[in-house]
Protein chains: 2
Amino acid sequence: MATGRTHRPATRSRGIPEATVARLPLYLRALTALSERSVPTVSSEELAAAAGVNSAKLRKDFSYLGSYGTRGVGYDVEYLVYQISRELGLTQDWPVVIVGIGNLGAALANYGGFASRGFRVAALIDADPAMAGKPVAGIAVQHTDELEKIIEDNGVHIGVIATPAGAAQQVSERLIAAGVTSILNFAPTVLQVPDGVDVRKVDLSIELQILAFHEQRKAGEEATAEAVVADAVAEAAAKDVKDTAAEQSAEAKRTAAAEAAVPSAARAEATARTESTDRKGPDGDVPAVMPA
Amino acid sequence: MATGRTHRPATRSRGIPEATVARLPLYLRALTALSERSVPTVSSEELAAAAGVNSAKLRKDFSYLGSYGTRGVGYDVEYLVYQISRELGLTQDWPVVIVGIGNLGAALANYGGFASRGFRVAALIDADPAMAGKPVAGIAVQHTDELEKIIEDNGVHIGVIATPAGAAQQVSERLIAAGVTSILNFAPTVLQVPDGVDVRKVDLSIELQILAFHEQRKAGEEATAEAVVADAVAEAAAKDVKDTAAEQSAEAKRTAAAEAAVPSAARAEATARTESTDRKGPDGDVPAVMPA
DNA sequence: CCGTGTGAAGCAATTCACAGCG
DNA sequence: CGCTGTGAATTGCTTCACACGG
């Protein structure tokens with residue numbers, strides 16, 4: 001999942017839990033699909049199945065919004081669509097800017113899911129002068145120099161950052177200074193922002209890493225004796241390295257660990273892996289995009 | 001954040017909390033940056049700041065992996081990089097396939113962050129015959145017909161779905177049947193998968209909707225009297241509609257709510273919004289991509 | 001009688017605060 | 001003395017189970 005940042009601690013009485021807020025768009029999507037099929041009502045059970053959650057959770061979530069269902073019947077689809085849209089603030093128009101029009105930025109600009117939810121791409125911004133004026137998704141790309149003016153003229157409060165990691169912090173500062181208070185960050189960096197500014201981040205490689213973790217577990221369950229042994233050796237070697245940490249240079253240590261950890265046949269591959277991890281370019285994992 | 005699906009309930013003793021797993025890649029990124037700057041050690045305080053979390057949480061997280069720090073000193077950067085990489089399973093090579101080579105799929109194929117973390121794009125797959133053979137990010141796109149063969153020949157366990165929503169479920173079934181057990185889903189649909197298969201989803205428009213929710217709250221705080229009144233009216237109108245729900249058609253109801261909700265000046269805009277929400281195309285929010 | 005709405009119980013994650021070790 | 005590692009306290013989320021109302 002993309003990850004988020006906690007907001008203020010539920011300002012007052014009508015505080016909807018963050019976890020619930022994160023699921024509302026899911027319900028909305030399921031409801032919209034039902035609405036298109038002209039389904040008049042749904043039970044919590046049905047809707048929950050469509051949204052991929054369990055029904056108790058769904059009912060609890062809706063209870064924070066109010067009593068919008070009918071006992072013995074279920075929920076009125078159209079009515080719920082309206083209520084959730086309103087709660088999410090989708091009954092108004094949100095102009096957004098996308099900064100960094102590389103592969104990813106362009107994909108985002110072309111993404112139909114924004115427009116259909118009340119998000120209007122007000123401008124595309126890139127630091128590359130060669131990009132300026134080029135149309136992407138039917139909108140002419142503008143140069144970073146115009147950033148402040150664009151934000152202010154369009155009353156933009158939400159910005160999307162799809163620049164390389166190195167540019168992201170600076171871009172966020174300019175966005176915020178110009179009036180943006182919510183940022184969706186695709187650059188693989190932690191943004192430092194003042195209080196009152198919300199940042200949500202989406203990091204593609206983080207999601208894959210989490211999957212790899214679970215995948216590894218699965219593999220471990222049907223582990224061959226060999227693999228188990230290899231792992232035990234690695235563990236032991238690792239401990240060893242740690243124990244002597246004080247006397248060795250960091251570099252030597254890591255190498256020693258990698259070498260000791262992987263016996264015979266597996267060695268070549270594991271070593272290669274370790275090296276390529278090290279070789280990663282500076283701030284290298286950029287989702288795409290423009291030269292800062 | 002992108003959202004995930006819970007896994008099995010911590011199979012045995014060494015169960016690392018899911019929340020911790022989700023942060024490990026973050027720590028790894030911060031540590032890699034330090035490593036590149038040849039920083040030998042970090043304190044939990046420093047590393048936490050770099051990763052954007054608080055230090056108590058970080059220490060607790062690391063405590064699940066083992067005692068890898070040195071009291072009074074901090075953590076050895078290289079050593080921790082190695083331990084976390086190993087825990088995440090990044091010391092091995094993970095071939096992945098990307099299905100759906102539209103704007104988003106192409107952006108993912110070009111994304112440098114995968115390769116640098118041990119993920120190797122083994123194949124790009126698209127249903128459009130016209131795409132077959134075309135090189136994207138230096139790899140020739142293959143046709144969906146080849147899907148099973150590709151998965152099996154390359155021993156792929158992780159698949160990325162970047163198709164339109166309508167194609168996603170079917171693609172996931174084929175991937176799973178061929179041996180994939182972890183899926184990163186960019187299509188705006190809930191995938192139905194058997195036990196033992198992990199799905200993580202990234203939905204761009206969901207992230208924006210969550211931001212919009214908070215953004216709306218911020219606006220509400222500096223609310224003008226007018227806005228507050230308008231909202232109260234909307235609330236009352238909504239209740240009213242609900243009360244008479246039984247006698248009205250769903251469609252009439254929603255319209256009534258929208259009309260009653262928004263007095264005078266604000267009306268035009270709000271009505272427009274409601275309409276456009278309704279007008280959304282069927283399965284319309286596709287991140288990009290190939291015709292199924 | 002069926003499905004919502006919700007207190008209460010159960011879990012999981014976060015934060016606190018400090019003992020213990022280098 | 002400083003910083004890690006961790007029990008204990010706390011907060012927040014999920015799940016259970018059933019009373020209540022249409």
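Numbered from 1 within each chain, the chains take letters A, B, ... in sequence-line order.
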Report task. Look at the side-chain N and O atoms of B:Tyr75 and state whether any lies under 4.0 Å from the OP1 or OP2 oxygen of D:dG5. Result -> yes

Requested in this report: Check B:Gln209 against A:Pro25 and note the closest heavy-atom contact, atom names and distance.
Outcome: OE1-CB, 3.3 Å

Report summary line: Scanning both residues in full, the closest heavy-atom pair of B:Val197 with B:Val180 reads CG2-O, 4.5 Å

Query raised in the report: B:Glu173 and B:Gln169: side-chain donor and acceptor closer than 3.5 Å?
Result: yes

Report task. Measure the distance from OH on B:Tyr68 to C1' on D:dG5 and round it to the nearest whole Å. Result -> 14 Å

Query raised in the report: Quick one: OG on A:Ser205 to CG on B:Leu90, what's the gap to the nearest 0.5 Å?
Result: 9.0 Å

Report summary line: To the nearest angstrom, the CZ-P distance between B:Arg23 and C:dA12 comes to 15 Å

Requested in this report: Say whether, by atom type as modelled, one donor and one acceptor occur between the side chain of B:Lys201 and the main chain of B:Phe186 under 3.5 angstrom.
Outcome: no

Query raised in the report: If we ignore angles and hydrogens, is there a donor and acceptor under 3.5 Å between the side chains of A:Asp76 and A:Thr41?
Result: no

Requested in this report: Whole angstrom is fine here: how far is it from CG in B:Leu58 over to C1' in D:dC3?
Outcome: 12 Å

Query - With A:Tyr68, the ring pair (Phe, Tyr, Trp, His ring centres under 6.0 Å) member among A:Tyr27, A:Tyr79, A:Phe62, A:Tyr82 - result: A:Tyr79

Report summary line: Scoring nucleotides 15-22 of chain D by protein non-hydrogen atoms under 4.0 Å (B base, S sugar-phosphate only, - none) yields B-B-BBBS

Query raised in the report: Could you give the CG-to-P distance, from B:Asp76 to D:dT4, as a whole number of Å?
Result: 13 Å

Query raised in the report: Between atom OH in A:Tyr64 and atom P in D:dG12, what is the gap in whole Å?
Result: 11 Å

Query raised in the report: In residues 42-50 of chain A, which ones come under 4.0 Å of DNA chain C, going by heavy atoms?
Result: A:Ser43, A:Ser44

Query - Backbone of B:Pro188 reached by a side-chain donor or acceptor of A:Arg29 within 3.5 Å - result: yes

Query raised in the report: Given atom CG of A:Leu65 and atom C1' of C:dT4, what is their separation to the nearest angstrom?
Result: 14 Å

